[in-house]
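Presented below is the structure to which this report refers.
Because only heavy atoms are used, hydrogens play no part in the values below, and waters and symmetry mates are left out as well, while side chains stay in. Below, chain A is the first sequence line, B the second, and so on; all start at residue 1.
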2 protein chains.
Amino acid sequence: MSEPISPDADLAGADLALFRAVRTGNAFEETVERLLQAIKLGVVAPGQRLPAERNLAARLNVSRVTLREAIRALGDAGYVESRRGRYGGTFVTMPPAGGLGAEPSVGSAIALEDTLTMRRALEVGAAETAAARSLSPAERRHLRARLAESNESTMVDYRRKDSRLHLAIAEVSASPSLTTAVADVRMRVNTLLDAIPQLAVNIEHSNRQHEAVVGAILDGEPERARHAMAEHLDATAALLRGFLA
Amino acid sequence: MSEPISPDADLAGADLALFRAVRTGNAFEETVERLLQAIKLGVVAPGQRLPAERNLAARLNVSRVTLREAIRALGDAGYVESRRGRYGGTFVTMPPAGGLGAEPSVGSAIALEDTLTMRRALEVGAAETAAARSLSPAERRHLRARLAESNESTMVDYRRKDSRLHLAIAEVSASPSLTTAVADVRMRVNTLLDAIPQLAVNIEHSNRQHEAVVGAILDGEPERARHAMAEHLDATAALLRGFLA
DNA sequence: CTCTAATGGAATAGGAACGTTCCATTGGAA
DNA sequence: TTCCAATGGAACGTTCCTATTCCATTAGAG
């Protein structure tokens with residue numbers, strides 16, 4: 001057996017957050033998670049190709065062996081398909097219909113509030129920051145394209161288009177840290193959203209709020225953007241609390 | 001030699017943030033960083049003891065061997081001292097006088113704006129969230145204690161007390177994710193602050209703004225708390241931009 | 001004074017991840 | 001048709017990290 005460890009009389013309670021895990025799980029699982037994130041958030045759409053293994057492995061700071069194991073797992077789950085040869089690669093197939101493979105574990109109430117709190121801070125901040133910048137024409141187009149895409153979306157892939165829009169708003173804040181943080185918290189939000197019914201009326205409501213947020217950002221009005229985003233997120237939060245709390 | 005990798009024609013530019021590194025550096029370096037964070041942010045003050053190695057290793061999800069290597073490195077650098085025997089442990093000594101061992105690498109201008117943007121979103125969000133909650137007596141005391149501590153601080157350890165106050169505000173948002181994110185970005189802010197002179201007039205200014213923020217939180221006024229925190233952070237940001245940009 | 005529990009210190013073996021090198025396949029370019 | 005560059009596929013030795021076990025030291029309890 002291993003050595004016994006005594007019950008730890010230190011730690012007033014504040015350090016709980018500081019002395020958290022340095023490495024979460026193994027490299028394989030982390031890599032699978034990262035790739036799933038890119039797929040589920042719509043960064044690589046169905047039919048599109050992932051970066052080549054050698055490139056992607058370097059990007060993720062993971063060995064090619066580990067990356068290949070992760071891709072193999074995603075292939076078995078039906079998310080991607082690999083083809084050899086020049087102009088080959090690993091392509092995203094249609095997501096597994098019926099939402100199989102998703103864990104229905106709906107975490108605790110604390111996790112719910114934690115996610116919603118974090119999301120509010122990050123996305124409201126991103127909207128305000130984006131509106132305070134002077135956006136390039138390309139950025140304005142990108143934003144408008146994502147907005148249109150999500151407005152025209154059908155219910156089946158509304159989730160992905162919605163995620164892509166929120167991510168686009170984070171992107172035009174021009175802060176890489178903020179963008180990755182928004183992507184991370186959005187994944188957590190999506191697992192929550194998977195557990196509640198998708199109502200047409202809510203989607204319409206969201207679409208209108210999206211218009212308001214993007215409009216304020218394009219008009220360069222930080223206060224209005226912040227307010228619109230806060231309103232949007234609070235509505236979604238209320239919905240989630242209603243179904244999950 | 002290793003295989004050549006071609007120049008990567010994928011990646012429209014948005015995925016830069018998504019396909020980031022899965023594991024940053026090795027476990028040893030990460031552990032050192034984490035412990036330094038706890039020390040520099042004042043979570044474990046000089047004279048206080050770190051959790052026992054067996055406990056801490058479990059918390060950090062790192063083997064005891066790796067943790068010990070990290071502690072050894074911190075010991076060599078003069079940050080901690082270890083004593084054996086029951087009621088022994090690893091204690092924080094006075095921080096290395098003169099700020100030795102700190103890398104004066106002042107990152108790029110992009111990194112500066114990234115840090116400041118992220119900080120603004122997180123800390124403003126934390127202040128607003130904290131003010132919207134109904135705080136327990138213990139939380140109110142904690143907040144007031146940290147405020148007093150930072151007000152009375154001398155210039156030599158103002159940095160640590162200031163960090164501790166900002167962290168305390170994040171803590172009373174009751175969101176672990178938000179707390180750790182604030183701690184992380186605060187470390188980045190501190191490396192920036194290390195590169196500029198510490199002026200008494202700025203400290204006085206900060207103290208007044210701290211009063212305003214904590215006051216609004218204790219009074220339960222989210223709007224006022226958000227505004228006060230934004231003002232405080234913008235002042236610091238302007239200072240940093242002035243010296244570093 | 002003796003015992004004991006909790007701590008840091010150290011050695012060993014095993015596994016996970018990595019870097020490197022090569023092979024297999026493919027579609028366009030020459 | 002031939003060639004070739006870019007891709008996925010696979011094997012091998014090395015390094016890093018872990019888990020386990022034991023030792024050494026210390027201050028309080030009995």
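A salt bridge between A/Glu139 and A/Arg133 is present, with a side-chain N of the basic residue lying under 4.0 Å from a carboxylate O of the acidic one. Comment: B/Asp157 engages B/Lys161 in a salt bridge, judged by a side-chain N to carboxylate O separation of less than 4.0 angstrom. Ionic pairing of B/Asp194 and B/Lys40 is not present here: no N-O contact between side-chain nitrogen and carboxylate oxygen is shorter than 4.0 angstrom. For the pair B/Arg54 and A/Glu3, the salt-bridge criterion is met [side-chain N within less than 4.0 Å of a carboxylate O]. Between B/Asp76 and B/Arg72 there is a salt bridge, since at least one side-chain N of the basic residue sits less than 4.0 Å from a carboxylate O of the acidic one.
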With the criterion being N/O to N/O and under 3.5 Å, what pairs connect the protein with nucleotides 14-17 of chain C, and how long is each?
from: C/dA17; atom 1: OP1; to: A/Ala27; atom 2: N; distance (Å): 3.0

Below 3.5 Å is the cut-off: list the nitrogen or oxygen pairs between protein and nucleotides 25-29 of chain C, distance only.
from: C/dT25; atom 1: O2; to: A/Gly85; atom 2: N; distance (Å): 3.3
from: C/dT26; atom 1: O2; to: A/Arg86; atom 2: N; distance (Å): 2.9

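D/dT7 atom P lies 10 Å from atom CZ of A/Phe91, rounded to whole Å. Rounded to an integer number of Å, the gap from B/Leu56 CG to C/dT7 P is 12 Å. In this structure, the CD atom of B/Glu29 is 11 Å from the P atom of D/dC16, given to the nearest Å. The interatomic distance linking B/Arg68 (CZ) with D/dT18 (C1') rounds to 15 Å, in whole Å.
Within the structure, every side-chain polar atom (N or O) of A/Arg64 is placed at least 4.0 Å from both OP1 and OP2 of C/dG19.
Ring geometry for A/His210 against A/His166 counts as perpendicular: the plane angle is over 60°, on a 0 to 90° scale with 30° as the lower cut.
Within 4.0 Å (heavy atoms only), B/Arg83 reaches sugar-phosphate atoms of the nucleic acid but no base atom.
Ranked by how close their nearest DNA chain C nucleotide is to the 5' end, A/Arg54 and B/Arg54 are led by B/Arg54.
By the 6.0 Å and 45° rule, B/Arg34 does not stack over the aromatic ring of A/Phe19.
In terms of heavy-atom proximity, B/Gly125 sits nearest to A/Ala121 at CA-CB, 3.9 Å.
Taking the side chain as every heavy atom from C-beta outward, A/Ser177 and B/Thr115 never approach each other to under 4.5 Å.
Counting atom types as modelled, B/Arg72 pairs no side-chain N or O with a base atom of C/dG9 as donor and acceptor under 3.5 Å.
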